[in-house]
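Shown next, in structure tokens, is the structure this report addresses.
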Amino acid sequence: MKPVILLTGKNGQVGAELLRLLPQVGEVVARGHDQLDLSNPADIRRTIREVRPQLIVNAAAYTAVDQAETDETTARAVNAEAPGLMAEEAKKIDAALVHYSTDYVFDGTKKAPYDEIDSVNSGLAHLIFRTAWVYATRGRNFLLTILRLATEREELKIVSDQVGAPTCASEVAGATAKILTRILERNDHSSVFSQVSGTYHMSAAGRTTWYEFAESILEKAEATSHIPEWLAAATKERPLIARRLIPISTKEFGSPTHRPVYSILSNSRLIQTFGVALPDWQAQLQRCFASDSIAANRGAD
Ligand SMILES: NC(=O)c1ccc[n+]([C@@H]2O[C@H](COP(=O)([O-])OP(=O)(O)OC[C@H]3O[C@@H](n4cnc5c(N)ncnc54)[C@H](OP(=O)(O)O)[C@@H]3O)[C@@H](O)[C@H]2O)c1
């Protein structure tokens, strides 16, 4: 029998891609923010008790990092307390938990999404995938922001002193689905899940800066002969008028959030344990420009 999977954050960048792929892994019960509010503990408990999943995949998160500085209570409730509560409930019904974490845990801020899972994780089958610089052909992200700005301004100032690996949400979801399939197809999947429980880095191979990423985005957008649907939506079918990219420092950009200057995550544990490697960031970007859909099954349950 296929396992029941509770997916949260189904309308997010990663969540929407998981909604497309997880039905290959199990019977998916998906919830969006409007159906399950992770800042409400009673809502979380009730949903898990009603659905009684074998697996919870938590793709919901408070990701507005700048806003999180001023709305720390909600950010903490969603990113730290909710996963902790999910872990507690999962343990009671012998369910496994998959959760995503961020490179921002390394920057000394208070948004450490996994620490509350850690406090209850003894005996809990869980996978925490830490990723970084996530973008998609939908949602709010750097790819779509650059494309919009390039239709509005001739000059764009882009931060050039942060190093990272832009990671496409569909690759994160694809790797997650592959790993879960491999575990769940085993007869002894409960013990396999316990053996592999832990935190894994899951980001694109290679490295770049926001400045070079912007350059690549605009090069690919100019070079594409077939305009994908998502690109037409991002630019509102207006021409790209940006002619000059100006590198600036993080300090000049002046964000209220302290962002790590170096965001490269070593994926070796993911590769060694599951044999799953995400492609290079340039190949991922190329795939986006080759894909037509904004995100399949948008809004589906
Ligand atoms: N984006 C990145 O650069 C990045 C980097 C590192 C790690 N990650 C991690 O990757 C995972 C997926 O992120 P993503 O990029 O897919 O983020 P996303 O596109 O912002 O999606 C997050 C989803 O969570 C929902 N959400 C927010 N507050 C909620 C609440 N109180 N209750 C229920 N749902 C709520 C959002 O709904 P609304 O939009 O309706 O609020 C949204 O659909 C997260 O764990 C994130 O921390 C992301």
Side-chain angles (χ1 to χ4, degrees), residues 6-21 30-48 56-68 71-83 85-86 97-107 109 111-117 126-145 162 164-176 199-204 210 213 255 257 259-260 263-265 267 278 281 284 294-295 298-300:
L6 173 63
L7 170 67
T8 63
K10 70 166 186 178
N11 299 313
Q13 302 191 90
V14 175
E17 296 294 337
L18 285 167
L19 185 60
R20 195 165 62 80
L21 296 174
R31 295 285 183 265
H33 192 167
D34 53 340
Q35 298 160 305
L36 169 61
D37 181 357
L38 294 199
S39 65
N40 180 341
D43 224 10
I44 300 172
R45 287 194 201 279
R46 192 177 45 248
T47 302
I48 296 175
I56 301 170
V57 179
N58 179 31
Y62 191 112
T63 54
V65 282
D66 291 341
Q67 212 171 308
D71 191 7
E72 206 187 303
T73 310
T74 314
R76 179 160 183 82
V78 177
N79 292 351
E81 287 157 16
L85 203 60
M86 285 182 196
L97 175 66
V98 174
H99 177 69
Y100 297 92
S101 169
T102 154
D103 53 325
Y104 290 173
V105 297
F106 294 125
D107 69 2
T109 68
K111 299 178 291 297
Y114 62 94
D115 58 3
E116 309 234 344
I117 294 183
H126 69 283
L127 294 171
I128 298 173
F129 295 128
R130 181 176 296 140
T131 185
W133 290 34
V134 178
Y135 67 94
T137 52
R138 54 171 284 144
R140 283 181 302 267
N141 58 61
F142 189 82
L143 167 71
L144 300 181
T145 301
Q162 290 174 27
T167 304
C168 185
S170 60
E171 302 288 345
V172 172
T176 304
T199 301
Y200 297 85
H201 292 170
M202 183 183 272
S203 59
W210 291 118
F213 185 35
S255 151
T257 314
R259 290 180 160 81
S263 275
I264 299 296
L265 303 172
N267 284 214
L278 273 65
W281 70 269
Q284 295 195 16
I294 293 181
R298 190 166 26 155

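Count residues from 1 along the sequence. Numbering of ligands and ligand atoms starts at 1, following listing order. The structure displayed is predicted, hence computed values, not measured ones.
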Test item: [X] and [Y] side chains (from C-beta on) under 4.5 Å apart, heavy atoms:
{"X": "Tyr135", "Y": "Cys168", "result": "yes"}
{"X": "Asn11", "Y": "Arg138", "result": "yes"}
{"X": "Arg130", "Y": "Thr199", "result": "yes"}
{"X": "Val172", "Y": "Glu17", "result": "no"}
{"X": "Leu38", "Y": "Met86", "result": "yes"}

Taking non-hydrogen atoms only, is [X] closer than 4.0 angstrom to ligand 1 via side chain, backbone, both or neither?
{"X": "Val134", "result": "both"}
{"X": "Ser101", "result": "backbone"}
{"X": "Ala82", "result": "neither"}
{"X": "Ala132", "result": "backbone"}
{"X": "Leu38", "result": "both"}
{"X": "Thr74", "result": "neither"}

Report yes if [X] has an N/O atom closer than 3.5 Å to an N/O atom of ligand 1; otherwise report no.
{"X": "Gln13", "result": "yes"}
{"X": "Thr131", "result": "no"}
{"X": "Asn58", "result": "no"}
{"X": "Val14", "result": "yes"}
{"X": "Tyr62", "result": "no"}

* Asked: How far does CZ of Arg76 sit from OG of Ser39, to the nearest 0.5 angstrom?
  ->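 One finds 14.0 Å between CZ of Arg76 and OG of Ser39.
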* Calculate, to the nearest 0.5 Å, the distance between atoms CG and CD belonging to Asp43 and Gln35 respectively. =>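 Reported value, rounded in 0.5 Å steps: 10.5 Å.
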Atom indices of ligand 1, in the order listed, that fall short of 4.0 Å to a heavy atom of [X]:
{"X": "Ser39", "answer": "31 (N)"}
{"X": "Tyr100", "answer": "10 (O), 11 (C), 45 (O)"}
{"X": "Val78", "answer": "31 (N)"}
{"X": "Asp37", "answer": "30 (C), 31 (N), 32 (N)"}
{"X": "Asn11", "answer": "43 (O)"}
{"X": "Thr102", "answer": "6 (C), 7 (C)"}
{"X": "Leu36", "answer": "32 (N), 33 (C)"}

* To do: Check the angle between the aromatic planes of Phe142 and Phe213 and answer parallel, tilted or perpendicular using the 30° and 60° thresholds.
  =>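 Parallel, since the angle between the ring planes stays under 30°.
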* Might you point out which heavy atoms bring Ala169 and Ala136 nearest each other, and give the distance in Å? =>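 Where Ala169 meets Ala136 most closely, the heavy atoms are CB-CB, 3.9 Å.
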* To do: Tell me, with the steps shown, if Leu278 and Ser203 meet side chain to side chain contact (heavy atoms under 4.5 Å, CB included).
  => CA-CA 7 Å; Leu278 273 65; Ser203 59; 5.7 Å; no
* To do: Return the option from Thr63, Ile128, Asn141 holding the heavy atom at the smallest distance from atom 20 (O) of ligand 1.
  =>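 Among Thr63, Ile128, Asn141, the closest heavy atom to atom 20 (O) of ligand 1 comes from Thr63.
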* Going by the side chain to side chain donor-acceptor pair (under 3.5 Å) test, which pairs reach into residues 164-176, not counting sequence neighbours? ->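 Checked against side chain to side chain donor-acceptor pair (under 3.5 Å) - neighbours excluded - the pairs reaching residues 164-176 are Tyr100-Thr176, Glu171-Arg287.
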* To do: Answer yes or no: is there a donor N or O on one side and an acceptor on the other, between the side chain of Gln13 and the main chain of Gly139, under 3.5 Å?
  =>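 Side chain of Gln13 to backbone of Gly139, a donor-acceptor pair under 3.5 Å: no, none is there.
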* Asked: Can a non-hydrogen atom of Ala59 be found less than 4.0 Å from any atom of ligand 1?
  ->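 So Ala59 counts as touching ligand 1.
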